[in-house]
Structure formats: structure tokens, C-alpha cells
There are 2 protein chains.
Amino acid sequence: MLVNQKAERMSLTERVYGALKQEIFDFALLPGDRFTEKEVAERMSASRTPVREALTLLQREGFVDVLFRAGWQVKPFDFHKFDQLYELRIILEQAAVRKLCEMDGKPDLDALKNFWLVAASDRQDDGPTVREADERFHIHLVEACGNEEMARVHHNITERLRIIRRIDFTQRPRIEATYQEHAKILRTIIKRRAEQAQLLLKSHIEESQAEVRKITLHMLHEARQTQSPPRSA
Amino acid sequence: MLVNQKAERMSLTERVYGALKQEIFDFALLPGDRFTEKEVAERMSASRTPVREALTLLQREGFVDVLFRAGWQVKPFDFHKFDQLYELRIILEQAAVRKLCEMDGKPDLDALKNFWLVAASDRQDDGPTVREADERFHIHLVEACGNEEMARVHHNITERLRIIRRIDFTQRPRIEATYQEHAKILRTIIKRRAEQAQLLLKSHIEESQAEVRKITLHMLHEARQTQSPPRSA
DNA sequence: GAATATCATCATGTATGCAAGATGGTATTC
DNA sequence: GAATACCATCTTGCATACATGATGATATTC
């Protein structure tokens, strides 16, 4: 699980920061939800000061908005932003893959090979497990290319997209496709065919993006249908 | 001048945040300098609370470090980090230029053309002026490509590099070279020759990077020579 | 004189207090 | 009944108070 780092020697601000972000990822706080510093402080058994510092950070990172003297809000879905983040993600990962292919030594991709280049019978088929592994796959690609700043930026983008990407692994065929595409990308990188690896990666991400968009629109449509009668009294 | 945005309706936290960052850019706070929250609070006529919030943000963005119960420190020079940031900057700007060349409509580059595509007699030759225009040139390229998230990330990187880039415009030949290279890049983008524009941009940034490194090493060398006798008593 | 132990001072991390203003419900008016 | 005015409540932004522990100067010991 991608839970908090070591709890030892961590400031309250950091703990609250991580907990709030996790609540957003888990949909415990839904996009558009409003809340107050006091609520959060009580829920996390802290005072408003560390809560405010955590919220200030989350605001800067685009997870929440502050409403002047009127509470806070989980940033509502913004598909335009998601598209921009996907595009940026592709740019960074393509650059990372190119670097990996042109690296002097051999890039360290063992962890990825051990998970993704396995016999069909050894594959995981649990949605959440594969989703997490998928995220690690892409993060690892960027980390392996050796540019820490690039990895940091990419990590932030990944977190911003996490809320929406989890939708992609609710269906079995997508898991299958992910295995095949990741395997192909890895093999192409190992063969150091930069151009092709970049193309494969781009298609892979864009397919996932398209799938997410499709399902999201479907969900929104259904939600609208279901909740249509707001009050029957 | 790249001074604070409108002072009206800006929180103290934001004001302190901007002022501190500007002090770092202006070398009023030197890399490695240590300071306390109380000092800053008094200097900015604020309490520690907004100062802390501003510092928390600056820490997350890599401008300062906190020393547990022992004050704060302006992040010392780290040339390895600078190299990584330069590399990331090239990746983003190359992607932006490609987008500009492949855009449907005509990209909005008028402001850049008006400054950089002028007769030699109309050129600016003041170091700081050209330095600022240079920064705007690169920022504008990324903004013009239309991806706001990309522009945001690129803007942050630009600010992290600002401290060191100003060194590049202390010499007349570099100003001359900047004019010629920017002009060439602009013309190539207008002609929509993506590949060549990317190459020109990369060379341009790397030349500037090399120049900065050369001068910095020279300055460090001189500084070391000058300050060699730490105490003569 | 050099090294170590001690202690007052100071720094951050956190909690709490306070003021200006936004909000939502209620009473009032037409 | 609908629209408006009013008021108590709540929320953030900022200032201040306090506790723990890091630091550096001083005293002590060999």
C-alpha cells in the first residue's frame, strides 16, 4: 500500500498533509466537497496551525481551493486540466525513455522486468494491485533515467492524475492490455530502440487516457440519471 | 521589473512569500545564508505565522531548507541540481516548440517578434534588460503552446535557475549571441520546421548553460583566492 | 592549555486567542 | 406568498503563548 512514510519523526504538518491527500485519493473527500480547517483539525487530532500549513501546500499543488473566509473545497474535476497533465506526462516519460535508450550503462529495470515480463500464468489480476503496479511502472521509468528533478515533477503529475486513473483498472481487458503494452515497451527499451519505445509509450498512455475519459463520461451520465429527482417530498 | 503582482487583496503569506523569493533572487539572501523566522517576521512587519507558511512553500519548491529547531537556510548552490534543471528545461521547451510548429492556428508570437526580430540598431544592450527579456522569451514560448500545466512547471524551473542564469548576461558577446539565436529560433518556428527549431533551441540553452558554468567556476575560484586568509589577527 | 560538562538562551513546532467578514436562517414588509 | 433586511454564527487570516530540544558560551577538570 502507498500509505504514509515512516511515522517516526514526522511533523504534524506532514502527517496531516499526507492524510488529507490520501483521503482525496480514496474519495473519502470527493471533488467539490467543502470542509473547514476546524473539522480537519478535530478529525486528525491536531490544531488548526499544522492543518493550515498542510492545506497551503495542497492548495499550491492543485488539490484544494480556499474560499475566502468560507471554508475549503476539494478541487472539482477539470477534464481540461487532466488532458494537459496527460500531455505533460507523455512528454516527460518519452524524454525519460529516450534517455534510458541512450544511456551509457545498462538502466536498472530489474524490478519492472520481474513484475511485467512474466508468464501469463504468473500475472496479477487484481484491479487495485495492477493499478498500483502500473503507476510504479511509469514512475520507475522516469526515476531510472537519473534526473531527480524530472522524477519529482513527474511524481507530482502522477499524483494529480491518480484520482482519475484508478478508473482504468476496473475492467479485465484493460489489465490484459496493460501487461502486454508494458512488456512490449520494456523489451523495446532493452533493445535501445528509442524512437519505437517512445511511440509505444505514447500510444499506451493515450489509450489509457481515452479509456478513462470514456468511463468517466459514462459514470457522470449514470450519476446524473440516478440523482435526477433531488427531493420527492 | 518582475516585482510583486498587485499588492491589493494579497494575503500576508503571499507577500512574504514573494518578498523572500525576491531577496533570494537579488542575492540579498545568499545561498547558504542562515536566518530565523523571527528575523524575517520583524523585517517584513508580520508575525511568525504567515512567515512560516511562506517558508513552508519555499521549502517545498527547493529554495530553502529548514534545520530542525536551528533556523532556516537558503539552499546552497548545487550544480548537479542545476544541470538536471537545465536538462528538464530543454525537454519542456523542445516539446513546446514542437507543439508550436504543429499547431492548427498561428501561434501568438508577436510580442517576441517585436523584441527579437529587429534591426541591429534597435537592439537593447543593457545586461539586466536583456536577461529579463531572455527569460520572457523562453517562458513565452512555453505559454504560447497552450498547455498551462506545462507552463506552470516550466515557470518554476525558470525561477530555480534564475539565480544562476543572470550571470550569463554580464558580457556583451553573449547578448549579441542571444539576439542572433533567438531570432533564428523564431524564424524557424514560423517556418514550422519542428526538428530544426528543437535543435537550435537545445544548442542555444546548452551554450548558455556552458557559459554560466564557466563563469561560475571562475567566480568561485576568484572568491576562494580573495577570501583565503580567514583571520589575520 | 585543552577537553569536557553545564546551563541559559534561542529556534522551531504546535496550540490558542482574536478580529473582520462571509453565510444562512429568520423576521419583516409589501 | 415572495422578496428583502437583519442578525447570530461560523470561517479564515493573523498574532501570540508555550513546550521541547538544539546551540553556544562558560565553568570545571585533568
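Chain letters run A, B, ... following the sequence lines, proteins first, then strands; residues in each count from 1.
Protein atom CD of Gln59(A) is 8 Å distant from nucleotide atom P of dG13(D), rounded to whole Å. In this structure, Tyr17(B) places its OH atom 19 Å from C1' of dG13(D), rounding to the nearest Å. Rounded to a whole Å, the NZ atom of Lys38(A) is 7 Å from the P atom of dC10(D). Following rounding to the nearest Å, Gln73(A) (CD) and dA22(C) (P) show an atom-to-atom distance of 17 Å. What separates CG of Leu12(A) from C1' of dT20(D) is a distance of 14 Å, to the nearest Å. We find that CZ of Arg52(A) is positioned 17 Å from P of dG17(C), with the value rounded to whole Å. Rounded to whole angstrom, the span from the CZ atom of Arg48(A) across to the C1' atom of dT11(D) amounts to 7 Å. In this structure, Leu67(B) atom CG and dG13(C) atom C1' are separated by 15 Å, rounded to whole Å.
Taking the six-membered ring where tryptophan is involved, the planes of His204(B) and His138(B) are essentially parallel, since the angle between them stays under 30° and well short of 60°. The aromatic rings of Phe79(A) and Phe77(A) lie parallel to each other, with less than 30° between the two planes, well short of the 60° mark. The aromatic rings of Phe137(B) and His182(B) lie parallel to each other, their planes meeting at an angle below 30°, with 60° marking the opposite boundary.
Mapping Glu39(A) and Ala46(B) onto DNA chain D via the closest heavy atom, the residue that lands nearer the 5' end is Glu39(A). For the pair Ala70(A) and Glu53(A), both in contact range of DNA chain C, the more 5′-proximal nearest nucleotide belongs to Glu53(A).
Taking 4.0 angstrom as the limit, Trp72(B) places none of its side-chain polar atoms (N or O) nearer than this to OP1 or OP2 of dA11(C). Phosphate contact (OP1/OP2 of dT14(C), side-chain N/O of Thr13(A), threshold under 4.0 Å): present. Neither OP1 nor OP2 of dC10(C) sits under 4.0 Å from any side-chain N or O of Thr36(B).
Under a cutoff of 6.0 Å and an axis angle of 45°, Arg60(A) and Tyr17(B) form a cation-pi pair.
Side chains of Glu42(A) and Lys38(A) form a contact here, defined as non-hydrogen atoms less than 4.5 Å apart.
Closest contact between the side chain of Phe68(A) and the listed nucleotides dG13(C), dT14(C), dA22(C) involves dA22(C). Side chain of Glu37(A), nearest nucleotide from dG13(D), dT12(C), dC14(D): dG13(D).
Base contact: Thr49(A) has a heavy atom under 4.0 Å from a base atom.
For Arg69(A) against dA20(C), a side-chain-to-base donor-acceptor contact under 3.5 Å is present.
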